[in-house]
Amino acid sequence: MTEGIAVGGGLTRTPVCPEGLEPVSGGAQSGTTATVIGQSYPNADANGWTTSVTNNFPVPLDVTWYSVCETPA
C-alpha cells in the first residue's frame, strides 16, 4: 500500500496478509533518508504488520507500507 505524507506529517498503516497467511515481518519504504520509522510490529489481530512513519523531508513524499506473510507452521 502506498500513500503520500505531507511535510511534517505522520501516518500509521497496517497492510493485511491474504487469507490463510500470517505476518512474519514488515515495514515501510520511501525514497529519502528523511523518513523516520517510529514503530513496526505485528498487529493485535495477527493478520498484518503495523508501521508508523514521519516525514521530515521538506516536501511531501510517497511511502510504501508492506507486510511479509507466510503460511503458518
Side-chain angles (χ1 to χ4, degrees):
M1 98 182 10
T2 300
E3 192 168 342
I5 300 180
V7 175
L11 292 173
T12 299
R13 296 291 181 258
T14 304
V16 175
C17 294
E19 186 71 32
L21 300 180
E22 65 183 17
V24 294
S25 184
Q29 179 179 356
S30 75
T32 175
T33 58
T35 304
V36 177
I37 305 294
Q39 297 180 336
S40 187
Y41 53 90
N43 70 336
D45 293 333
N47 67 352
W49 201 270
T50 301
T51 305
S52 300
V53 178
T54 301
N55 176 13
N56 289 333
F57 205 57
V59 297
L61 55 84
D62 287 337
V63 174
T64 300
W65 283 263
Y66 60 91
S67 293
V68 178
C69 308
E70 70 177 14
T71 304

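Just so you know, these numbers come straight off a predicted model, no measurement behind them.
Residue Pro23 comes nearest to Ala46 through the heavy atom pair CD-O, 3.3 Å, listed as atom of the first residue, atom of the second, then distance. What you find for Cys69 and Leu21 is that their closest heavy atoms are CB-CB, 3.9 Å. Contact detail for Thr50 and Asn43: the closest heavy-atom pair is OG1-CB, 3.5 Å. Listed here is the closest heavy atom pair of Val63 and Ser30: CG2-CB, 4.0 Å.
Residues in residues 64-73 take part in these side-chain hydrogen bond (donor to acceptor under 3.5 Å, both in side chains) pairs, two or more places apart or across chains: Thr2-Thr64.
Note on Ile37: it clusters hydrophobically with Leu61, by side-chain heavy-atom contacts below 4.5 Å among ILVMFWY residues. Hydrophobic cluster membership differs between Met1 and Val68, with clusters built from Ile, Leu, Val, Met, Phe, Trp and Tyr side chains linked at under 4.5 angstrom.
Glu3 meets the salt bridge (Lys or Arg N to Asp or Glu O under 4.0 Å) test with Arg13; sequence neighbours excluded.
With values rounded to the nearest 0.5 angstrom, Thr35 atom OG1 is found 7.0 Å from Ile5 atom CD1.
Exactly one residue among Leu11, Val36, Thr12 makes a side chain to side chain contact (heavy atoms under 4.5 Å, CB included) with Ser52. That residue is Thr12.
Remark: the Ser40 side chain and the Trp49 side chain contain an N/O donor-acceptor pair separated by less than 3.5 Å.
Counting only distance, with no hydrogens or angles, the side chain of Asn55 and the backbone of Ala6 share a donor-acceptor pair below 3.5 Å.
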